[in-house]
2 protein chains.
Amino acid sequence: MEATLPKFDSIFSIDCVIFGFEAGELKILLIERNEEPFKDWLALPGYFVEQNESIDDGAKRILHELTGLHNLPIKQLHTFGEVNRHPQGRVITVAYLALIRIMGQKELTPITHYAKKAFWHPVKDLPKLAFDHTEIFQTAFRRVRKRLNYQPIAFDLLPEKFTLTQLQSLYEIILDKKLDKRNFRKKMLSYGFLKELSEKQKGVSYRAAKLYKFDRRKYNKIFQAELAMEGGS
Amino acid sequence: MEATLPKFDSIFSIDCVIFGFEAGELKILLIERNEEPFKDWLALPGYFVEQNESIDDGAKRILHELTGLHNLPIKQLHTFGEVNRHPQGRVITVAYLALIRIMGQKELTPITHYAKKAFWHPVKDLPKLAFDHTEIFQTAFRRVRKRLNYQPIAFDLLPEKFTLTQLQSLYEIILDKKLDKRNFRKKMLSYGFLKELSEKQKGVSYRAAKLYKFDRRKYNKIFQAELAMEGGS
DNA sequence: ACAAAAGTGTTGCGGCTACACCCATGC
DNA sequence: GCATGGGTGTAGCCGCAACACTTTTGT
């Protein structure tokens, strides 16, 4: 390759906003930084992209190194490129977004030493984050809220088997408003992509609710047309 | 600033997908490149971001330098970061999108010598573009198509005064399907953000149609809630 | 008078909202 | 038996799709 590209002291980074749902609360994945700048601050998991990896690959690698989580279904959210967003120089960051099930992934263990630890933090009462990460988080949260109205993202957050009340309460938490129980259930069931299981809830001190599963195959069949549109944007 | 950032030979660029509407056709703004690589190819207007400008500012500057157009209402679309998208090295590009009125901006004159010329090209029958610009264009077009269904972007493309038939035909072109005349007009008028003018179309050899104007103030009043949501994403 | 596009209403359906009570279970 | 959430139906409104003819104007 000929050296005809201009040189700038500029680098790219990735920052990931990973949502989870646990104990009735919406949470995001944070790390405690172990490096300057913002050493000891809380931050979104993020780091620099290597020269020989695509940003999508870089995002997966970085997330894995900082949290131990593998191969999450992350999607690009937005790119933040203010000149002074990083105190040490010009760093443009591409933010990625994912919604995942927390279940069984309790042991978050950073592989690199750039993070002291990684953990889930409730979205309510987020402290001030390093860099412009608070702004990145807000952009992500707005996007999730909007997307909830037309994409089945709630099922990425819930356990595989869930009750309709759990589903509704997740909607209420994300949208930050009360929904009508009857209307909500009617609508959800009318879509036809929820599979009713024969199982019931266990260990509750009141009438046990039916469990449901999200049937992605059916969902895809029903919403083929829209899926085609989503494609690459 | 301490020199603690890692160094990579990586740079950012901007590419702009600018849509216009002219002579009943949807068009985008292209340049003919005057630089290697892809010298003499058609490409989206794009160039490298300087170190001391935000990507948003850079996008406006670059667009101006390549086409002579000032201060367009561009918005970030997506960031493309495949390793080999630029043959000379690692270049991550942030794509921007705008929809504008072509009217009266016929003289497109590149200010830098990086572009031989800039011109509007119909979206139908786009030739192969430089780099991954065809893919970027497609992503942009998909986005526009989707957005048309819930945002008043058509009015950015039309002249200030337009007939309902013109509006409908623009919808039909972007969505690539026929719409029902009566339903379309009813729906558009029912929103209440179209101001009927006393003027009529001129110079047509058939019954002249009423002209309308998009009343953005009214639109904002009506859709306040949703606007608040759009905010930063 | 004719060609070309402007302009106009009704009906049926499906989805959304609002709203209140009985049921099953564990303690 | 009581507390707790589980589960259910109806009626009115609104937006959407389907559908065809008359009016105006310029030539």
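Just so you know, these numbers come straight off a predicted model, no measurement behind them. Note on naming: letters A, B, ... go to the chains in the order of the sequence lines (proteins, then strands), and numbering restarts at 1 for each one.
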Find which nucleotide of DNA chain C each of B/Lys186 and A/Arg182 is nearest to by heavy atoms, and output the residue with the more 5' nucleotide. B/Lys186

Within a 6.0 Å radius of atom CD on B/Glu82, are there more than 12 heavy atoms belonging to other residues, nucleotides or ligands? no

Rounded distance [0.5 Å steps], NZ in B/Lys124 versus CD in B/Glu25: 9.0 Å

Comparing B/Gln201 with A/Lys200, nearest DNA chain C nucleotide closer to 5' gives the residue B/Gln201

Provide, to the nearest angstrom, the distance between the CG atom belonging to B/Leu164 and the P atom belonging to D/dT24. 18 Å

Given C/dA24, C/dG7, D/dA18, which nucleotide is nearest the side-chain atoms of B/Asn183? D/dA18

A/Lys178 NZ to C/dA18 C1', in whole Å, measures 17 Å

By nearest atom, which of the nucleotides C/dA6, D/dG9, D/dC19 is closest to the B/Thr165 side chain? C/dA6

Should the side chain of A/Lys187 and the base of C/dT17 be counted as holding a donor-acceptor pair, with the cut-off at 3.5 Å? no

Between atom CG of B/Leu69 and atom CD1 of B/Ile111, what is the distance when rounded to the nearest 0.5 Å? 9.5 Å

State which of D/dA18, D/dG7, C/dG7 makes the closest approach to the side chain of B/Ala209. C/dG7

Taking N and O atoms by type only, does the side chain of A/Arg207 place a donor or acceptor under 3.5 Å from a partner on the base of D/dT4? no

Does C/dG7 have OP1 or OP2 sitting under 4.0 Å from an N or O in the side chain of B/Arg185? yes

Rounded distance (Å) that lies between atom C1' of C/dT8 and atom CD of B/Gln168: 14 Å

Is it the case that the base of D/dG6 and the side chain of A/Lys210 share a donor-acceptor contact (distance under 3.5 Å, atom types as modelled)? no

Rounded distance (Å) that lies between atom P of D/dC21 and atom NZ of B/Lys181: 14 Å

Measure from CG on A/Asp180 to P on D/dG7 and round the result to the nearest Å. 15 Å

Against the six-membered ring of A/Phe214, is A/Arg216 placed for a cation-pi contact (under 6.0 Å from the centre, within 45° of the normal)? no

Report the distance from atom CD of B/Glu199 to atom P of C/dA6, rounded to the nearest whole Å. 17 Å

Rounded to whole Å, OH of A/Tyr206 lies from C1' of D/dG7 at a distance of 14 Å

Should A/Glu196 and A/Lys210 be marked as a salt bridge (Lys or Arg N to Asp or Glu O under 4.0 Å) after you check the CA-CA gap, both sets of side-chain angles, and the distance that decides it? CA-CA 7 Å; A/Glu196 182 181 330; A/Lys210 281 181 204 158; 3.4 Å; yes

Gap between atoms CZ and C1', on B/Phe184 and C/dG7 respectively (whole Å): 15 Å

